[in-house]
Amino acid sequence: MPGMVLFGRRWAIASDDLVFPGFFELVVRVLWWIGILTLYLMHRGKLDCAGGALLSSYLIVLMILLAVVICTVSAIMCVSMRGTICNPGPRKSMSKLLYIRLALFFPEMVWASLGAAWVADGVQCDRTVVNGIIATVVVSWIIIAATVVSIIIVFDPLGGKMAPYSSAGPSHLDSHDSSQLLNGLKTAATSVWETRIKLLCCCIGKDDHTRVAFSSTAELFSTYFSDTDLVPSDIAAGLALLHQQQDNIRNNQEPAQVVSHVPGSSQEADLDAELENCHHYMQFAAAAYGWPLYIYRNPLTGLCRIGGDCCRSRTTDYDLVGGDQLNCHFGSILHTTGLQYRDFIHVSFHDKVYELPFIVALDHRKESVVVAVRGTMSLQDILTDLSAESEVLDVECEVQDRLAHKGISQAARYVYRRLINDGILSQAFSIAPEYRLVIVGHSLGGGAAALLATMLRATYPQVRCYAFSPPRGLWSKALHEYSQSFIVSLVLGKDVIPRLSVTNLEDLKRRILRVVAQCNKPKYKILLHGLWYELFGGNPNFPTELDGGDQEVLTQPLLGEQSLLTRWSPAYSFSSDSPLDSSPKYPPLYPPGRIIHLQEEGASGRFGCCSAAQYSAKWSHEAEFSKILIGPKMLTDHMPDILMRALDSLVSDRAACVSCPAQGVSSVDVA
């Protein structure tokens with residue numbers, strides 16, 4: 001931090017990012033130099049052949065050139081280890097060293113080319129010597145190619161626009177000029193992000209919804225990153241420090257600070273009933289993912305079980321809509337839910353931006369018509385997730401503030417139109433008129449299910465919704481409170497998605513800026529310690545406060561969070577909200593319904609793979625999910641197979657202890 005300025009433009013790499021690349025290159029160069037020296041000393045007597053003098057000169061000059069490169073790389077590595085993330089002063093000589101290192105590539109390329117030409121001329125020397133020289137030429141070109149790839153990776157398309165203003169302070173620009181510069185940069189950034197997204201998603205079509213999603217996603221990314229001067233390694237270091245800080249706070253927390261109490265009998269009974277419902281309906285939410293999740297959950301036997309369904313031609317009176325592998329999907333759905341073929345009303349795996357796959361089935365065990373909406377599983381779904389601006393939800397209810405996540409709202413509206421306009425629900429209730437409507441989904445599907453249930457509540461007042469690991473940034477506070485009576489959300493552990501919203505991401509950015517600005521250790525030590533801590537645990541008390549002595553040696557005015565910002569940005573201040581917080585497109589949004597939180601008890605290994613885990617359940621307030629928690633399980637806790645395993649374990653444990661007095665198996669937080 002900040003991004004280095006070379007050749008008049010900013011690059012997506014900082015001066016303290018060269019420790020590990022430098023160490024790797026240093027090891028390769030030293031081994032290469034030793035190998036060439038050994039080759040020369042052992043076989044110099046065999047270089048008296050035709051063309052041998054040229055090869056001897058090639059090896060000698062190459063060893064000298066390598067020695068110079070090794071010294072330069074060593075200097076770069078040593079300089080990169082100095083200072084801290086917010087104190088690049090001790091690394092001010094880095095740009096000169098990099099210019100020298102880049103200049104050395106020209107003689108390297110020339111010498112590698114000459115070596116290739118001499119070998120190609122068919123030198124009549126000892127074959128071992130020739131093979132050794134061929135190897136040195138190949139290694140030379142591999143290193144040159146790797147360097148070119150590295151330069152492409154750290155190239156910042158906006159670097160030419162940011163460099164002239166990266167060191168400009170508030171005194172150099174008035175508020176009008178500063179605002180113009182920021183707006184110009186954001187416009188350019190939006191264009192760059194849109195180009196990147198189009199290249200990444202080049203195979204998903206170019207309809208109107210896709211183009212809108214491209215623009216929405218590009219604007220979100222450009223807005224989020226517009227006011228910071230962070231490079232990717234700064235974010236990695238900040239996340240490592242946040243995880244240790246978070247664990248340190250938890251370890252030092254007094255038991256009295258934990259707000260919990262023994263639940264009442266009615267609350268406990270309600271929790272037991274809803275957990276049993278969640279356990280049952282999670283099968284439908286998982287079935288909506290089709291054969292990929294089924295094969296993932298059953299890697300040894302899954303393909304054998306559904307293989308026949310993939311090739312079998314089915315005929316049915318029911319309307320089955322989907323992709324090329326519908327039969328594979330349908331076979332996995334039958335195995336996951338345990339239902340019969342005749343129990344399904346509609347199966348759709350049509351997948352586009354703002355249009356999600358879903359299934360409709362008759363659940364005779366619970367006497368319900370189940371609509372299961374699939375979660376994120378394709379690039380189209382990711383674009384739906386990232387269309388994060390808000391729009392007014394068109395729904396018949398007494399709530400005034402009806403803002404909701406645009407992408408998920410559009411997806412729910414698509415399923416609603418299919419269910420109503422195509423007569424799918426009418427067909428289902430004509431078969432089972434006494435059944436009630438239940439809508440379920442996981443992740444993106446959970447958010448869409450909650451919105452869909454709200455849309456259908458006017459027509460089906462008894463509708464129930466079970467949203468598994470839904471995104472936090474779904475809808476307004478008023479809709480969150482309105483949904484308490486008919487929606488239940490289930491969250492496992494530190495799952496990041498139920499804590500994920502634009503507001504929480506902005507909070508995470510501020511926390512990263514703060515913890516990075518306060519850390520008094522060089523970045524390479526932060527990353528090494530963080531990697532060790534993530535893999536093996538240990539002491540989270542990693543120093544994060546600047547010592548007084550350290551502050552005295554700072555040679556540049558880059559203290560604190562302001563050094564990590566584009567300081568000419570008028571939109572960000574430390575005493576007020578940042579751009580995304582104040583934007584009308586990204587107001588604070590909340591999760592759906594009442595929330596059941598499953599938490600792992602005890603330790604089952606850093607990644608939950610060492611022993612069977614035990615879980616507890618409690619009703620939780622949405623405020624408990626107002627911050628993103630960092631940890632090795634923040635992603636794995638979101639996986640549907642992990643959630644199903646946790647529900648299986650919890651429900652079986654509670655059933656076994658149903659006659660036992662409550663001993664902390666669960667606790668209830670009542671807001």
Exercise. Should Glu622 and His480 count as side-chain neighbours, where that means a heavy-atom distance under 4.5 Å?
Worked result: yes
Exercise. Any chance the side chains of Thr336 and Tyr289 put a donor and an acceptor closer than 3.5 Å?
Worked result: no
Seminar exercise, completed: Partner of Tyr435 under side-chain hydrogen bond (donor to acceptor under 3.5 Å, both in side chains), picked from His364, Lys366, Glu367, is His364
Exercise. Would a 4.5 Å heavy-atom cut-off, applied to side chains only, mark Leu275 and Leu598 as touching?
Worked result: yes
For this session: Using the ring of Tyr416 (Phe, Tyr or Trp, six-membered ring only), decide whether Arg413 places NZ or CZ under 6.0 Å from its centre and within 45 degrees of its axis.
Result: yes
Exercise. Are there more than 12 heavy atoms of other residues, nucleotides or ligands under 6.0 Å from atom CD of Gln484?
Worked result: yes
Exercise. Which pair of non-hydrogen atoms, one from Pro592 and one from Pro471, has the smallest distance, and what is that distance?
Worked result: CD-O, 4.2 Å
Seminar exercise, completed: side-chain contact (heavy atoms from CB on, under 4.5 Å) with Asp422: of Leu425, Ile420, Ile424, only one passes, and it is Ile424
For this session: Just do the side chain to side chain donor-acceptor pair (under 3.5 Å) check on His350 and Arg418 with the steps written out, would you?
Result: CA-CA 11 Å; His350 170 80; Arg418 295 292 309 276; over 6 Å; no
For this session: Taking the side chain as every heavy atom from C-beta outward, state whether Leu647 and Leu490 have any atom pair closer than 4.5 Å.
Result: yes
Exercise. Where is the tightest heavy-atom contact between Val440 and Ala285, given as atom of each residue plus distance?
Worked result: CG2-N, 4.0 Å
Seminar exercise, completed: Between Trp475 and Pro591, the two heavy atoms sitting closest are NE1-O, 3.3 Å
Problem set entry | Parallel, tilted or perpendicular: rings of Tyr482 and Phe486 (30°, 60°) | perpendicular
Problem set entry | Ile596 vs Leu271 side-chain heavy atoms within contact, under 4.5 Å | yes
For this session: May I have the step-by-step check of ring pair (Phe, Tyr, Trp, His ring centres under 6.0 Å) for Tyr460 and Phe429, ending in yes or no?
Result: CA-CA 11 Å; Tyr460 300 93; Phe429 282 105; 5.2 Å; yes
For this session: Determine, for Glu389 against Lys406, whether the closest basic-nitrogen to carboxylate-oxygen distance falls under 4.0 angstrom.
Result: yes
Problem set entry | Any side-chain donor near an acceptor of the partner, Ser378 and Asp381, under 3.5 Å | yes
For this session: Indicate yes or no: at least one non-hydrogen side-chain atom of Leu479 is less than 4.5 angstrom from one of Leu451.
Result: no
Exercise. Does a side-chain N-to-carboxylate-O contact under 4.0 Å join Arg211 and Asp208?
Worked result: yes
Exercise. With a 4.0 Å cut-off, would you call Lys618 and Glu601 a salt bridge?
Worked result: no
Exercise. Is any side-chain heavy atom of Ser387 closer than 4.5 Å to a side-chain heavy atom of Gln410?
Worked result: no
Exercise. Less than 6.0 Å separating the ring centroids of His597 and Phe625?
Worked result: yes
For this session: Verify the ring-centre separation between Tyr341 and Phe330: is it less than 6.0 angstrom?
Result: yes
For this session: Please lay out, stage by stage, how Asp507 and Lys627 fare under the test salt bridge (charged side-chain N to carboxylate O under 4.0 Å, His left out).
Result: CA-CA 7 Å; Asp507 171 74; Lys627 285 185 180 296; 3.4 Å; yes
Exercise. Heavy-atom distance under 4.5 Å between the side chains of His442 and Met644, does that happen here?
Worked result: no
For this session: Give a yes or no on whether the backbone of Ala288 and the side-chain of Arg374 come within a donor-acceptor separation of less than 3.5 Å.
Result: no
Problem set entry | Glu355-Gln380 side chain donor-acceptor pair, cut-off 3.5 Å | no
Exercise. Side-chain contact, heavy-atom cut-off 4.5 Å: Leu452 with Leu419?
Worked result: yes
Problem set entry | Heavy-atom closest contact (Thr454 atom, Ile487 atom, distance) | OG1-CD1, 4.3 Å
